[in-house]
Amino acid sequence: MLDRRKILLVHPLGYRADAAARDISRVANIMPPLGLASIAAYLEQRGMRADIVDCYARPDSDRVIRDYLLAERPAMIGLSCTTSSFLDGIRIAEMARRVLPGIRTVFGGPHVSALKSGLFPDYPAMDYAVVGEGEETMAELLLKGWDDPASVGGIIYRDGADAVWTGYRERPLVLDELPFPAYEKLAGFPASYRLPIFNYPKTPNTSCISSRGCPYACSYCDRSVFRRSFRYNSAEYLYEHLRYLKDRFGIRHINFYDDQFTFNRERVEKFTTLMTDRPLGMTFNCAVRAEHIDPELLTRMKGAGCWMMSLGIETGDEDLLAQHRQNADLDHLAQKIRMIKDAGMRTKGLLMIGLPGETEQSIRKSMDYVFSLPIDDFNLAKFTPFPGSPVYEKIHELGEFQEDWEKMDCMNFLFVTKGMTRERLEELFQEFYRNHFKRHKVLWGYVTMLWRSPDSWLRFLGNLSSFLKFTRKTERFEAEPSAPVAPDAK
């Protein structure tokens, strides 16, 4: 018999486990699967049992999954998938069915929320899919999914040869009513996870999400999970969340993984007041838009412990930027970046190469723009048209697109806009990275990390070979070591 009040939640790796040690993205950053941790906490609060296996933090997890299934016999296994990890999720679901016949599989995450029932004909390992937020839907699915799936809103289920979509749930969740994520369900937390190198002053540290959705509608953003909603935790809830992380796990620094942390000014003012009046001894990073910061707010945030701010620049070509997002005013953005730096915080720019309409000239403009600003760190992504983003619907009209899901991780040029070649995009991408690290101000900024973020330097030196290889080739995976040649084969 399978336990219908028990589920194993899995975060798939997305590639072969033996390649994990060569993955530069894992060396630089391992973020906890906060969505699964939130679902686990919600289910446990309602008397159900939920455990988590994070294959990204523990790549060789197939045996862990098999042993759990045989020992605990859960009725369901849930897999939260991005586009690049979806096929690995299918592999794990097929394995689970072999190990524990009768188990039901349920998929969630942005990939299935975007493509919905269109996935079911090609992937018979899918029994259910959760579209949108998972907490309330998963609780109902565990209780009613076997006998009455049609009564559960927000899912797709198999009915014979058909995939039935029950429609979106009527009401979004009230975030302050959710329990804190079940961090304790993540093996080795917080030591198993690490923020991007040079993006924190102290350890232990972790990520936190205090909002869901985004009020903007950029062409390249997938909005399939939260659609057009934008909600956030109150300042009081947020403060208590941080205090919980400090008291239980000793966390000293937080990266807020929100799209727009400062959108609601009143919330940020209350939060900074709490952090100032009742200090927790913690620092934090956040992402902001230029429209929602000013000198007074920045001073408050610096005083409350804000260490670094990230801003989405995307491109330094204003005409190209205007095709893909609102408020494409690069002069205004530059002013706000300087404002953040003047307030005493580090700045990080988030950019893309290869947007539809990109040219070599626009990439050169991006280099000139970024190098003219006091940006301490930056993340340069290779544009990827994800299912669920507005641009995905017409992407084949805009250039050549190789839709290889396993490589859709923003580290491969799968889309090549008209007028460009994949080879030239790669060359310009490498040039952009190398020129950034040649700048004296940037190099001095990394030197200051010796005393501002000593743990980052220890990680950097411990993985020096991997980082240097990435700056030369900008490839996610290092080449596999060659097999030794037997003497008689020479």
Could you go step by step and tell me if Leu298 and Met309 meet the side chain to side chain contact (heavy atoms under 4.5 Å, CB included) rule? CA-CA 10 Å; Leu298 293 175; Met309 287 187 174; 3.4 Å; yes
Do Asp54 and Leu36 pass the side chain to side chain contact (heavy atoms under 4.5 Å, CB included) test, and can you show the C-alpha distance, the side-chain angles, and the key distance before you say yes or no? CA-CA 9 Å; Asp54 180 6; Leu36 288 184; over 6 Å; no
Pair Lys382-Asp409, salt bridge (charged side-chain N to carboxylate O under 4.0 Å, His left out): steps then yes or no: CA-CA 9 Å; Lys382 298 176 180 179; Asp409 55 9; over 6 Å; no
Applying side chain to side chain contact (heavy atoms under 4.5 Å, CB included), run through Lys302 and Met345 and close with a yes or a no. CA-CA 7 Å; Lys302 170 65 177 176; Met345 291 170 281; 3.9 Å; yes
Output, in order, the C-alpha distance, side-chain angles, deciding distance and verdict of side chain to side chain contact (heavy atoms under 4.5 Å, CB included) for His292 and Val268. CA-CA 11 Å; His292 304 297; Val268 179; over 6 Å; no
Please evaluate residues Arg289 and Glu314 with respect to the criterion salt bridge (charged side-chain N to carboxylate O under 4.0 Å, His left out), reporting the C-alpha separation (whole Å), side-chain torsions for both, the decisive distance (0.1 Å), and the verdict. CA-CA 12 Å; Arg289 276 183 70 119; Glu314 318 312 349; over 6 Å; no
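Remark: Ser207 OG to Tyr193 OH distance equals 10.5 Å, nearest 0.5 Å. One distance of note links CD1 of Ile353 with CD1 of Ile363; it measures 4.5 Å at 0.5 Å rounding. Atom NZ of residue Lys144 and atom OG of residue Ser151 lie 3.5 Å apart, to the nearest 0.5 angstrom. Distance check: Ile39 CD1 to Glu133 CD gives 9.5 Å after rounding to the nearest 0.5 Å. Separating the CD1 atom in Ile155 from the CE atom in Met138 is a distance of 10.0 Å, to the nearest 0.5 Å. The distance from atom CG of Asp404 to atom OG1 of Thr384, rounded to the nearest 0.5 Å, is 11.0 Å.
By the 30° and 60° cut-offs, the orientation of the rings of Tyr183 relative to Tyr244 is tilted. Ring geometry, Trp405 versus Tyr123: the interplanar angle falls from 30° to 60°, so the pair is classed tilted. Classification of the Tyr237-Phe180 ring pair by plane angle, with boundaries at 30° and 60°, yields perpendicular. The aromatic rings of Phe271 and Phe261 lie perpendicular to each other, with more than 60° between the two planes, well past the 30° mark. Using cut-offs of 30° and 60° on the angle between ring planes, the pair Tyr168 and Trp165 is perpendicular. Between Phe284 and Phe256, the two ring planes are perpendicular [angle over 60°; tilted spans 30° to 60°]. A perpendicular orientation is assigned to the rings of Phe401 and Tyr392, their planes being inclined by more than 60° (bins at 30° and 60°).
Looking only at side-chain heavy atoms (C-beta outward), Arg476 and Tyr15 come within less than 4.5 Å of each other. Looking at heavy atoms from C-beta onward, Leu425 lies in side-chain contact with Met420 at the 4.5 angstrom threshold. For the pair Arg5/Leu142, no side-chain contact is recorded, criterion being any heavy-atom separation below 4.5 Å from C-beta on. Annotation: side chain of Glu44 is in contact with side chain of Lys185 (closest heavy-atom distance under 4.5 Å). Within the 4.5 Å cutoff, side-chain heavy atoms of Leu186 are placed close to those of Ile52. The closest side-chain heavy-atom distance from Tyr369 to Leu333 is below 4.5 Å. Residues Phe249 and Phe189 have side chains in contact (heavy-atom distance under 4.5 Å, counting atoms from C-beta outward). Side-chain contact check for Thr83 versus Pro387: some heavy-atom pair is nearer than 4.5 Å.
In plain terms, the two heavy atoms of Pro110 and Thr82 that are nearest each other are CG-CA, 4.2 Å. Considering all non-hydrogen atoms of both residues, Pro12 and Leu79 come closest at CG-CD2, 4.3 Å. Shortest non-hydrogen contact noted between Asp23 and Ser25 is OD1-OG, 2.7 Å.
Here Asp376 does not pair with Lys348 in a salt bridge; the nearest charged N to carboxylate O distance is not below 4.0 Å. Here Arg267 does not pair with Glu236 in a salt bridge; the nearest charged N to carboxylate O distance is not below 4.0 Å. Between Asp147 and Arg4 a salt bridge is recorded (basic side-chain N to carboxylate O distance below 4.0 Å). Under a 4.0 Å N-O distance rule, the pair Arg212/Asp258 does not qualify as a salt bridge. In summary, Asp455 and Arg194 do not engage in a salt bridge, as defined by a charged side-chain N under 4.0 Å from a carboxylate O. With respect to Glu400 and Lys418, no salt bridge is recorded, no charged nitrogen being found less than 4.0 Å from a carboxylate O. A salt bridge links Arg243 with Glu240: the distance from a Lys NZ or Arg NE/NH1/NH2 to an Asp or Glu carboxylate oxygen falls below 4.0 Å. A salt bridge between Asp51 and Arg49 is present, with a side-chain N of the basic residue lying under 4.0 Å from a carboxylate O of the acidic one. At a threshold of 4.0 Å, the pair Arg300-Glu269 does not count as salt-bridged, since none of the basic side-chain nitrogens sits closer than that to a carboxylate oxygen. Using a 4.0 Å cut-off between a side-chain N of Lys or Arg and a carboxylate O of Asp or Glu, Glu140 and Arg46 do not qualify as a salt bridge.
Between the side chain of Asp127 and the main chain of Val106, no donor-acceptor pair closer than 3.5 Å is present.
Arg26 forms a cation-pi arrangement with Tyr56, by the criterion of a distance under 6.0 Å to the ring centre and an angle within 45° of the ring axis. Both tests pass for Arg278 against the ring of Tyr239: distance under 6.0 Å to the centre and angle within 45° of the axis.
Taking the centre of each ring, Tyr232 and Phe263 stay at or above the 6.0 Å mark. Taking the six-membered ring wherever Trp is involved, the centroid distance between the rings of Phe415 and Phe383 falls below 6.0 Å. Taking the six-membered ring wherever Trp is involved, the centroid distance between the rings of Phe432 and Phe378 falls below 6.0 Å. Proximity of the aromatic rings of Phe386 and Tyr220 is defined here by a centroid distance below 6.0 angstrom, and this criterion is not met.
In this structure, the salt bridge (charged side-chain N to carboxylate O under 4.0 Å, His left out) partners of Lys270, at least two apart in sequence or on a different chain, are Glu266. For Asp88, the salt bridge (charged side-chain N to carboxylate O under 4.0 Å, His left out) partners are Arg91, not counting sequence neighbours.
Partner of His253 under the side chain to side chain donor-acceptor pair (under 3.5 Å) criterion, out of Thr206, Asn285, Asn205: Asn285 alone.
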